[in-house]
Amino acid sequence: MSRAWSLVRRPTGLPTAGNFELIDLPAVPLKEGEFRVRNTWLSVDPYMRARMEEIKYAPCFQIGEPMYGSAVGEVIETRNAAFKVGDRVYHSEGWREEAIVDPSLGAKEGVAPFVLPDLGVEEQVWLHNLGIPGGTGYFALFRTAGAKAGDIMFVSAAAGAVGSAVVQMGKARGMTVIGSAGGPEKCAFVKSLGADAVIDYKAGPVLESLREAAPEGIDVYFDNVAGDHLDAALACARPHARFAMCGMIGVYNENQPLELRNSRRIIQARIRLEGMYFGEFADELPVFYEDMGGMIARGEVRSVETVSEGIETMPEAFIGLFSGRNTGKMLVKL
Ligand code: NAP
């Protein structure tokens with residue numbers, strides 16, 4: 001018998017434990033082409049909050065059905081010659097102990113199932129710096145924002161999964177990096193990743209702190225938060241600054257429209273704001289694996305994780321993302 005988390009009611013505002021239920025999955029025989037995985041690591045990600053609502057731009061979790069998301073584990077049974085018993089694999093049937101994976105369905109969450117290549121990293125790194133968070137940081141920074149050596153780059157939620165990758169990649173590629181995070185410990189962590197300056201957004205207004213940290217303004221803003229961070233970045237943007245609009249965790253649990261005091265700066269400074277969606281870069285993943293694999297091998301990018309033990313802890317690990325319980329990537333270990 002294997003267990004999975006299911007959504008029992010859609011949340012309004014911040015989700016609570018009552019939105020989730022741990023259900024038993026029936027034992028189902030494999031069909032031709034499928035394989036069965038015993039999951040070892042499961043990912044919780046802020047974007048899953050959007051999957052809990054009935055949204056139009058992406059599929060949502062169905063009430064009473066197992067939820068899903070990135071996971072790694074070991075193949076324990078197979079009817080697919082490309083996936084052998086004992087292989088360590090990445091797939092998208094997370095939020096559960098055992099998964100049946102059908103690779104013919106392709107990329108359910110932006111990445112198709114694959115056997116983990118031997119890049120000399122621990123397997124959970126495929127859920128962080130070599131997974132969706134690292135890939136999001138990589139493509140949003142270098143492609144969406146076109147960030148390059150010499151740029152002054154500001155990144156919010158800099159102590160998190162995406163943010164910690166962005167800080168390190170920015171430094172590895174010759175940028176001046178300013179990161180924001182909540183509280184002195186998180187800020188010390190961001191500094192330890194190499195950031196030139198850090199902003200504790202819980203200690204005072206972001207705009208004042210950003211003006212102090214970047215007196216000459218910023219060329220690139222990597223947005224994970226929106227709200228006051230986005231407003232401050234607009235105010236400090238240099239002419240032709242580029243904004244990678246990656247996430248808006250500051251407003252995911254709000255129903256209010258996003259208000260920006262400094263929106264006029266978009267025209268005054270000819271700022272380019274571009275939304276980024278990781279799934280659109282699926283064809284370019286080999287380039288990412290090679291480039292990011294190199295940065296990891298050279299010690300330029302390291303993975304820091306906050307680990308929650310046991311499937312029972314998964315909802316609280318997920319909810320903890322919204323109060324900053326994690327430093328680096330939040331993971332659940334089975
Ligand atoms: P994460 O940063 O590891 O975890 C979330 C962090 O956000 C928390 O640790 C917390 O850090 C911070 N936070 C929470 N509420 C906040 C608030 N109200 N104001 C400011 N900071 C707040 O999560 P992640 O997986 O790396 O994701 C980061 C962002 O990227 C999210 O917005 C996510 O949706 C987005 N994303 C987008 C894509 C895409 O394709 N566009 C793909 C993946 C992720 P503090 O303790 O510092 O507050």
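Everything quoted here is computed from the prediction, not taken from an experiment. For ligands, and for the atoms within them, numbers begin at 1 and follow the listed sequence.
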Would you mind running through ligand 1 and noting each atom that sits below 4.0 Å from a heavy atom of [X]?
X	value
Gly328	3 (O)
Val225	19 (N), 20 (C), 21 (N)
Gly160	1 (P), 2 (O), 3 (O)
Ala161	1 (P), 2 (O), 3 (O), 26 (O)
Gly250	17 (C), 18 (N)
Gly247	32 (O), 35 (C)
Ala181	47 (O)

Salt bridge check, [Y] against [X]: does any charged N sit closer than 4.0 Å to a carboxylate O?
X	Y	value
Lys171	Asp196	yes
Arg272	Glu274	yes
Arg88	Asp118	no
Asp151	Arg242	yes
Arg36	Glu93	no

Query raised in the report: Hey, is ligand 1 close enough to Val162 that some N/O pair sits below 3.5 Å?
Result: yes

Item checked: Tyr201 N/O to ligand 1 N/O under 3.5 Å -> yes

Strictly under 4.0 Å, does any heavy atom of [X] approach an atom of ligand 1?
X	value
Met330	no
Pro133	no
Ser323	no

Side chain, backbone, both or neither: which part of [X] comes within less than 4.0 Å of ligand 1 when only heavy atoms are counted?
X	value
Met248	backbone
Phe322	backbone
Ile249	both
Ala159	neither

Please report which non-hydrogen protein atom sits nearest to [atom], along with the residue it belongs to and the distance in Å to one decimal place.
atom	value
atom 14 (C) of ligand 1	Leu321 O, 3.5 Å
atom 30 (O) of ligand 1	Asn224 OD1, 3.3 Å
atom 34 (O) of ligand 1	Tyr252 OH, 2.7 Å
atom 47 (O) of ligand 1	Gly182 N, 2.8 Å
atom 46 (O) of ligand 1	Lys186 NZ, 2.5 Å
atom 23 (O) of ligand 1	Pro46 CG, 3.3 Å
atom 41 (N) of ligand 1	Met276 O, 2.7 Å
atom 40 (O) of ligand 1	Phe278 N, 2.8 Å

Taking it one step at a time, do Phe318 and Phe322 satisfy ring-ring contact (aromatic ring centres under 6.0 Å, His included)? CA-CA 8 Å; Phe318 170 73; Phe322 298 94; 5.5 Å; yes

- Return yes when atom CD of Glu309 has more than 12 non-hydrogen atoms of other residues, nucleotides or ligands closer than 6.0 Å, and no otherwise. yes

message: For the CZ atom on Arg79, are there more than 12 heavy atoms of other groups (residues, nucleotides or ligands in this structure) within a distance under 6.0 Å?
response: yes

Using only heavy-atom distances, determine whether the side chains of [X] and [Y] contain a donor-acceptor pair under 3.5 Å.
X	Y	answer
Tyr90	Ser70	yes
Tyr277	Thr136	no
Arg49	Asn253	yes

Does Gln62 reach the main-chain N or O of Cys60 with its side chain, forming a donor-acceptor pair under 3.5 Å?
-> yes

Can the ring centres of Trp126 and Tyr289 be said to be less than 6.0 Å apart?
yes

Closest heavy-atom approach to atom 4 (O) of ligand 1 among Asp45, Asn326, Val190 is made by Asn326

Heavy atoms of Met330 and Ala317 approach each other most closely as CE-O, 3.3 Å

The side chain to side chain donor-acceptor pair (under 3.5 Å) partner of Lys329 among Thr306, Asp45, Asn129 is Asp45

